[in-house]
Amino acid sequence: MTRRDAETRGDARRRTGDFVDDPYLGQVVVGAEELQQRVAELGKEITSDYADHPPLLVGVLKGAFVFMSDLSRSIDLPVEFDFMAVSSYGSATRTSGVVRIEKDLEIDLTDRHVLIVEDIVDSGLTLSYLRKNLAARGPASLEVCALLVKEGLQRGDLELRYKGFGIPPDFVVGYGLDVGQRYRNLPAVHRYTGPLTA
Ligand code: IMP
Ligand code: MG
């Protein structure tokens, strides 16, 4: 396998630089090529569903920035963008469901077709808070596109309109997801086997 092949397959340990000898970076959970393929499919679906009413994409920072960047470029419509930053109280691995808005939207959602773009859904508490919060602002419609959903961990119905992949309930990094702000630029999603501190 050439280095280029390795990169396409998302095997970050074969890349040069900081990730080469990282003992905490585990196996690939979703490869780079798989990600690109699925993102393109989601983009097509969204393009056809929203053909008559292009959506306002609301990205949830910071994790969703990579996914949102790729997804938006596979949507063949004049979409608009806004971003929100939220943090949830709790330990590094578990959200408490109490969410604080660190950065709010700049665009008024009244009568807009809003599509929330999320990187990963774990307990689903962050998302259900966001949904309620944004629904109260009077959008014409409100849907969610989540790239990764940890299987079996959510309380209640998430009503995800678009879902990329269901994954096992392990902690993962890459393609936007971090531990301590690292790993976000990995092209694939990997298991993370190191310590998790807040
Ligand atoms: P939830 O409220 O439990 O669904 O947590 C969702 C948020 O926790 C996500 O938006 C991520 O920011 C973070 N998160 C949950 N699981 C992971 C993971 O495996 N890796 C990185 N971040 C995660
Ligand atoms: Mg997030």
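We count ligands from 1, going down the list as the structure has it; atoms in each ligand are counted the same way. Please read these numbers as outputs of a predicted model, since none were measured by experiment.
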Could you walk me through whether Glu41 and Arg38 pass the salt bridge (charged side-chain N to carboxylate O under 4.0 Å, His left out) check? CA-CA 5 Å; Glu41 283 171 13; Arg38 185 71 188 119; 2.7 Å; yes
Check whether any heavy atom of Asp119 sits under 4.0 Å from an atom of ligand 1. yes
Nearest-option assignment for atom 17 (C) of ligand 1, heavy atoms, candidates Tyr183, Phe171, Tyr129, Tyr192: Phe171
How close do Ala51 and Leu77 get, counting heavy atoms only, and between which atoms? CA-CD2, 3.9 Å
Atom indices of ligand 1, in the order listed, that fall short of 4.0 Å to a heavy atom of Glu118: 10 (O)
4.0 Å heavy-atom contact, Gly124 with ligand 1: yes
Give the numbers and elements of all ligand 1 atoms closer than 4.0 Å to a heavy atom of Thr126. 1 (P), 2 (O), 5 (O), 6 (C)
Show which atoms of ligand 1 fall inside a sub-4.0 Å distance from at least one heavy-atom site of Ser123. 1 (P), 2 (O), 3 (O), 4 (O)
Should the heavy atoms of other residues, nucleotides or ligands under 6.0 Å from OH of Tyr24 be counted, would the total exceed 12? no
Pro78 versus Pro54, closest heavy-atom pair with distance: O-CB, 3.7 Å
Within 4.0 Å of some non-hydrogen atom of Asp122, the atoms of ligand 1 are 1 (P), 3 (O), 4 (O), 5 (O), 15 (C), 16 (N)
State, to 0.1 Å, how close Pro139 and Leu134 come at their nearest heavy-atom pair, and which atoms those are. CD-O, 3.4 Å
Counting from 1, what ligand 1 atoms have a heavy atom of Val172 closer than 4.0 Å? 18 (C), 19 (O), 20 (N), 21 (C)
Side chain, backbone, both or neither: the part of Val173 lying under 4.0 Å from ligand 1 by heavy atom: neither
Polar side-chain atom of His190 near backbone of Val173 as donor-acceptor pair, under 3.5 Å: no
Which ligand 1 atoms, with their elements, are less than 4.0 angstrom from a heavy-atom of Lys150? 16 (N), 17 (C), 18 (C), 19 (O)
Between Arg161 and Asp49, is any pair of side-chain heavy atoms under 4.5 Å apart? yes
